[in-house]
Amino acid sequence: MSSNAALAERLELFSRLLEVTGADSFRASAHARAARAVADWPADLCAMALSPDGGKAALQSIAGIGPKLADKIVEFAKTGAIKELEELKAQVPAGLIALFEISGLGPKTIRALWQDAGVTDLDSLKKSIADGSIMKVPRMGEKAVQKISAAIAIAAQSAGRVRLGPAAALADAIIAHIKSVKGVREAIAAGSLRRGKETVGDLDILICIENSKAQAAAAEAFVTMPGVRAVLARGENRCSAQVNIDLSSRWEDSSESPSAAAQSGSTIQVDIRLMEEAVFGAALAYFTGSKEHNVRMRQRALDRGLTLNEYGLFPNTPDDPTPPQQKGVKPVAGKSEQEIYAALDMAWVPPELREDRGEMESFELKPGKGVAHRPKHLIEIGDIKAELHAHTTASDGVLSIVELAREAKRRGFHTIAVTDHSRSSVIANGLSPDRLEKHIKAVHAARSEVEGITILAGSEVDILSDGALDYDDDLLGKLDIVVASPHAALTQDPAIATKRLLKAIEHPLVHILGHPTGRLVMRRPGLDPAMEELYAAAKQHNVALEINAHWMRLDLRDVHVRGAVNAGCLIAIDCDVHHPSDFDTLRFGVQTARRGWLDRSSCVNAMSHTDLHAWLKSKR
DNA sequence: GCCGTTTTCGGCCCGACTGTTTTCAGTCG
């Protein structure tokens with residue numbers, strides 16, 4: 001785990017412990033905010049904290065970090081622990097914080113369960129329900145206990161957070177189903193799925209309906225859909241259900257994953273919200289989030305004498321507590337997101353950027369000095385014109401060279417790179433030097449069979465544990481493109497990993513550093529190198545850092561993309577094609593790139609044919 | 001615990017929903 005992630009985890013725990021011990025709630029939320037700021041920060045904060053020229057001052061320049069939290073970060077950087085946190089942990093049973101995972105249990109209830117019914121963890125909670133001692137807790141009635149019991153069962157069955165790919169597939173299916181209902185104008189996934197986060201907790205689907213008849217029909221279509229396991233709530237404007245989700249991937253049946261069977265039968269919560277066109281934009285903005293972005297938006301509205309909610313942007317009337325939409329007040333904006341942002345003197349913020357990571361400042365129509373640079377043309381899926389990382393039947397793909405090239409052409413690409421595995425990737429049937437020589441000839445031969453697309457002879461060459469490449473330079477020099485990737489020794493020490501990856505970046509024949517850390521989302525943390533050193537070297541040596549678009553990888557991850565973009569690096573977005581459907585994962589790679597504020601001009605896959613091939617040749 | 005171009009003290013986003021109550025507390029997104 002990177003030190004930022006480890007620090008963020010501790011601050012998050014700090015926040016939870018403060019909540020549960022009944023500390024000032026604003027103090028708790030300050031710690032939670034700091035945890036987020038730390039997790040999102042693109043550079044290593046421990047290094048920053050230890051810098052001789054005023055680490056504390058630098059930390060305090062980060063929004064959400066004040067003097068006290070800066071002290072805690074410095075302490076963590078020096079000692080690997082935070083004394084105040086350890087003291088707080090000693091006061092609270094170790095299993096209590098896990099109860100936050102149960103829907104419906106918040107800080108107040110968990111504290112009461114602990115203090116009044118002696119609950120210390122999930123097992124003792126179940127016991128207190130069984131023996132009735134839970135009824136000692138104030139405001140605890142029969143229905144409340146039933147709800148907690150149901151929530152415990154759902155938590156056990158729920159997949160927890162789900163990777164972007166399976167979540168998007170389920171959302172697409174639900175949307176197609178609901179759109180077939182007469183009177184449904186639009187259905188769109190909001191929430192973290194729309195923002196392109198690498199994992200999502202639930203699905204939020206917004207449905208724009210023509211009238212109340214369509215409203216009822218759409219709700220009915222949803223709750224009776226195949227795969228709906230249980231309906232949790234069903235109102236006029238909102239329905240909630242647990243829905244089966246297929247979590248399988250090509251990683252699941254490999255030796256890497258013994259848990260495939262355990263994951264079958266998982267469910268995810270799906271909320272649908274039904275509304276008419278006049279409020280659709282406000283609802284879409286509201287339910288897309290993030291929560292932090294929404295807080296800033298509402299504050300911005302208040303600063304302008306307005307109030308923002310899921311029904312629109314309204315004139316603010318602080319003396320009257322009745323919500324404006326209930327009084328028939330005409331909204332200033334609400335039909336589209338664009339008009340809401342415009343009314344707040346902002347350009348429309350793409351969903352992937354709505355994380356309160358500087359977008360509030362840089363998307364102001366007249367941004368001030370010193371704010372983050374706003375992308376001139378944030379990368380879009382239509383900008384991608386080349387796939388530079390693809391496998392064939394020569395190693396572990398299912399397509400021949402010609403089939404691969406035809407599929408790439410069909411998708412509108414001007415260039416496809418054939419980059420089969422190198423000899424050390426034995427499980428993936430990596431090519432020996434002799435086989436690679438023959439494969440290069442086969443690629444050249446395929447060029448006459450598929451016209452209208454440039455087929456590159458390349459390799460995804462292993463970066464060995466010491467940073468050496470898996471083929472000698474003579475052979476690498478015969479290739480049009482070299483993608484160098486780590487596949488083994490993914491748990492090595494950060495300092496050694498940094499040296500290993502730097503050596504690959506500095507190699508004069510390497511174009512792209514493939515899936516730089518080797519992490520798998522929710523499966524394997526991967527390497528933990530000093531990322532800033534990689535950015536600097538990649539920039540200096542004109543090497544592109546890859547965003548591997550497969551939803552199991554998304555490596556570089558969003559915050560690393562942001563760091564690389566800030567450092568001025570080239571970025572590649574590749575689908576690591578093994579199967580024709582892998583081209584469809586491009587959307588996730590592009591979303592990750594957008595979350596890192598990538599401009600089209602820095603993406604090698606978005607270059608014109610001329611520019612791309614000039615860059616490739618510059619390394620030959 | 002953070003923050004501030006009306007504030008260095010006194011704020012800190014908003015509404016729906018639920019279940020417990022007799023006017024509200026807690027959770028969620």
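Convention: sequence-line order gives letters A, B, ...; per-chain numbering from 1.
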Step-by-step side-chain hydrogen bond (donor to acceptor under 3.5 Å, both in side chains) determination, A/Gln91 to A/Thr21 = CA-CA 8 Å; A/Gln91 295 172 29; A/Thr21 51; 5.6 Å; no

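- The distance from atom CD of A/Gln299 to atom P of B/dC3 is 14 Å, rounded to the nearest whole Å.
- Base orientation at B/dT6 is anti, since its O4'-C1' glycosidic dihedral falls outside 90° of 0.
- The nucleotide whose nearest atom lies closest to any side-chain atom of A/Tyr286 is, among B/dG1, B/dT18, B/dC14, B/dC14.
- In this structure, A/Lys72 reaches the B/dG1 phosphate: one of its side-chain N or O atoms is under 4.0 Å from OP1 or OP2.
- Under the 3.5 Å distance criterion, with hydrogens and angles disregarded, a donor-acceptor pair is assigned to the side chains of A/Gln299 and A/Asp303.
- Taking atom OH of residue A/Tyr311 and atom P of nucleotide B/dG15, one finds them 10 Å apart after rounding to whole Å.
- Among the candidates A/Val20, A/Val137, A/Thr120, the single residue satisfying the side chain to side chain contact (heavy atoms under 4.5 Å, CB included) test with A/Leu113 is A/Val137.
- If you check B/dT8 for Watson-Crick or wobble pairing at under 3.5 angstrom, you find it has no partner at all.
- Rounded to whole angstrom, the span from the CG atom of A/Asp303 across to the C1' atom of B/dC12 amounts to 13 Å.
- Nucleotides of DNA chain B nearest to A/Ala63 and A/Gly104 differ in position, and the one nearer the 5' end is that of A/Ala63.
- To the nearest angstrom, C1' of B/dA25 lies 15 Å from CG of A/Leu105.
- Listed candidates were B/dA25, B/dC14, B/dC13. Nearest to the side chain of A/Arg139 is B/dA25.
- Using a 4.0 Å cut-off between charged nitrogen and carboxylate oxygen, A/Asp356 and A/Arg296 count as a salt-bridge pair.
- Proximity of A/Arg27 to the phosphate of B/dG1: a side-chain N or O atom is located under 4.0 Å from OP1 or OP2.
- Minimum atom distance to the side chain of A/Lys68 is reached by B/dC2, of the listed B/dC2, B/dC24, B/dA16.
- Comparing B/dC14, B/dG1, B/dT20 by their nearest atom to the side chain of A/Leu302 picks out B/dC14.
- Residue A/Asn294 has no polar side-chain atom (N or O) positioned under 4.0 Å from OP1 or OP2 of B/dC13.
- At whole-Å resolution of the value, CG in A/Asn316 and P in B/dC13 are 13 Å apart.
- Taking atom CD of A/Glu101 as the reference point, atom C1' of B/dT27 lies 15 Å away to the nearest angstrom.
- Ion pairing between a basic and an acidic side chain is recognised when a charged N comes within 4.0 Å of a carboxylate O; A/Glu380 and A/Arg587 show no such pairing.
- Taking atom CD of A/Glu142 as the reference point, atom C1' of B/dT20 lies 13 Å away to the nearest angstrom.
- Where A/Ser103 and A/Gln325 each meet DNA chain B at their nearest nucleotide, the meeting point lying more 5' is that of A/Gln325.
- Here the nucleotide nearest the side chain of A/Pro67, chosen from B/dC2, B/dG29, B/dC13, is B/dC2.
- Listed candidates were B/dC13, B/dA16, B/dG1. Nearest to the side chain of A/Ala30 is B/dG1.
- By the 6.0 Å contact criterion, CD on A/Glu142 is open, its count of non-hydrogen atoms from other residues, nucleotides or ligands being 12 or less.
- Rounded to whole Å, the distance from CZ on A/Phe287 to P on B/dC14 is 16 Å.
- The phosphate of B/dG1 (OP1 or OP2) has no side-chain N or O of A/Ser29 nearer than 4.0 angstrom.
- Nearest to the side-chain atoms of A/Arg33 among the listed nucleotides B/dC2, B/dC14, B/dG26 stands B/dC2.
- When the nucleotides B/dG19, B/dG15, B/dG29 are ranked by their closest atom to the side chain of A/Asp202, B/dG29 comes out on top.
- Nearest to the side-chain atoms of A/Lys291 among the listed nucleotides B/dT27, B/dG1, B/dC13 stands B/dC13.
- If you check B/dC14, B/dG29, B/dG1 against the side chain of A/Asn309, the one that comes closest is B/dC14.
- Put simply, A/Phe26 does not rest on the base of B/dC2: the two rings are not both less than 5.5 Å apart at their centres and under 30° in tilt.
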